[in-house]
Amino acid sequence: MKTDSTSTVTDAELHAWVDGQLPADRADAVSAWLLHHPDDARRVQEWQAQRTALQGLLRGVLDEPVPLALARATRPPRRAVWPQALAASVLLALGFAGGWWGHTARDPGVRLAAATPGFVQEARVAHAVYTPEKRHPVEVGAAEQAHLVQWLSKRLGTPLTAPLLQEHGFSLIGGRLLPGQNSEARALFMYESAAGERITLHVSALGEQASQDSAFRFYRVGETETFYWVDRHMGYALSGNLPRERLAVLADAAYRQLPR
């Protein structure tokens, strides 16, 4: 395994990171490692895809009720809270005027969440994997924006929009199709500033999950901030190595342009 000046990350730790079994301090270190080691980040994404595929195959068994006799004989283990989720900060602490408070109050389809949804982890891994790419950061470039949006809309089964963020200093590079949980499709739109900063908007069609995971929240891992929300059946995660306040402005601009 590769090393750098700050830490050494083993395969065992990468697997534990995927399973959410690392202590908070070590999870942050592994997340930071992935941001600077795209080969390991790609492997992690492959493991996550395999994990979610296996979960999909076993979903029917996992959802079956426990027999009463077994439930009485066995005390259910306490579920561990993912260390990464402890780092999430509720947007209420920021109190942006005229933005997210207003959206939450006016729109019954938007609510705060109690836990970090799975698509947020997918989003930050995708951000870590693809933003360092120089030659192939996206599958379809911004020059074919209409085709890109039509293609991803068809694959996700719902109309999508690639928000325009030029007024805030970021131009669309393009996008790509990604795997999600239970073999579902995800969309990724990537933007870049004149200074070379990159942000990604990860889009998920969540179906019935939306009623449980609805949120406007921040989630920080290493130097990367992710601002995520769920609006009805859609999950969105905007990620970037930017100050929280700046990312919130970009997220607000994106939100206002998305299909309602």
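The basis for the numbers below is simple: all heavy atoms, side chains too, and nothing from hydrogens, waters or symmetry mates.
The nearest pair of heavy atoms linking F119 to W229 is CZ-O, 4.0 Å. Contact detail for A185 and L177: the closest heavy-atom pair is CB-CD1, 3.8 Å. Contact record, L160 with A187: CD1-CB, 3.9 Å, taken as the closest heavy-atom pair. Scanning all heavy atoms of the two residues, the minimum distance from T226 to S239 falls at OG1-OG, 2.8 Å. Taking every heavy atom of both residues into account, L165 and A253 meet most closely at CD2-CB, 3.9 Å. Closest of all the heavy-atom pairs between P163 and Y191 is O-OH, 2.6 Å.
Cluster annotation: L178 is connected to V138 through the hydrophobic network of ILVMFWY side chains, with a link wherever side-chain heavy atoms come within less than 4.5 Å. The same ILVMFWY cluster, assembled from side-chain heavy atoms under 4.5 Å apart, contains both L156 and V140.
Distance check: T200 OG1 to F189 CZ gives 11.5 Å after rounding to the nearest 0.5 Å. In this structure, the separation between CG on L201 and OH on Y255 is 13.5 Å, given to the nearest 0.5 Å. The distance from atom CH2 of W33 to atom CG of L14, rounded to the nearest 0.5 Å, is 8.5 Å. Here the CG atom belonging to L247 is positioned 7.0 Å from the CD1 atom belonging to I199, to the nearest 0.5 angstrom. To the nearest 0.5 Å, atom NE2 of residue H136 and atom CZ of residue R176 are 9.5 Å apart. Between atom CG of residue L152 and atom OG1 of residue T161 there is a gap of 11.5 Å, rounded to the nearest 0.5 Å.
With S193 contributing its side chain and A195 its backbone, the two residues share a donor-acceptor pair below 3.5 Å. No donor-acceptor pair under 3.5 Å is formed between the side chain of R246 and the backbone N or O of A248.
Environment of CD in Q166: crowded, with over 12 heavy atoms of neighbouring residues, nucleotides or ligands closer than 6.0 Å. Enclosure of atom CD in Q257 by more than 12 non-hydrogen atoms of other residues, nucleotides or ligands within 6.0 angstrom is indicated.
Cation-pi check for R124 over Y219 is not met; the charged atom does not lie both under 6.0 angstrom from the ring centroid and within 45 degrees of its normal.
Within the 4.5 Å cutoff, the side chain of H127 has no heavy atoms near those of the H202 side chain. Contact check for E197 versus N241: no side-chain heavy atoms found under the 4.5 Å cut-off. Using a 4.5 Å cut-off on side-chain heavy atoms (C-beta onward), D231 and L258 make no contact. P137 places none of its side-chain heavy atoms less than 4.5 Å from the side chain of E192. Residues E139 and W151 form a side-chain contact, since some pair of their non-hydrogen atoms from C-beta on lies under 4.5 Å apart. At least one side-chain heavy atom of M234 sits less than 4.5 Å from a side-chain heavy atom of V203. Proximity of V9 to D40: side-chain heavy atoms (C-beta onward) are nowhere separated by under 4.5 Å.
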inquiry  = What verdict does the side-chain contact (heavy atoms from CB on, under 4.5 Å) test give for L242 and F170, after you've listed the backbone C-alpha separation in whole Å, the side-chain angles of each residue and the deciding distance to 0.1 Å?
reply    = CA-CA 12 Å; L242 302 175; F170 281 85; 4.0 Å; yes
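Counting only residues at least two apart or on different chains, no salt bridge (charged side-chain N to carboxylate O under 4.0 Å, His left out) pair has a member in residues 142-160.
Comment: R256 engages D252 in a salt bridge, judged by a side-chain N to carboxylate O separation of less than 4.0 angstrom.
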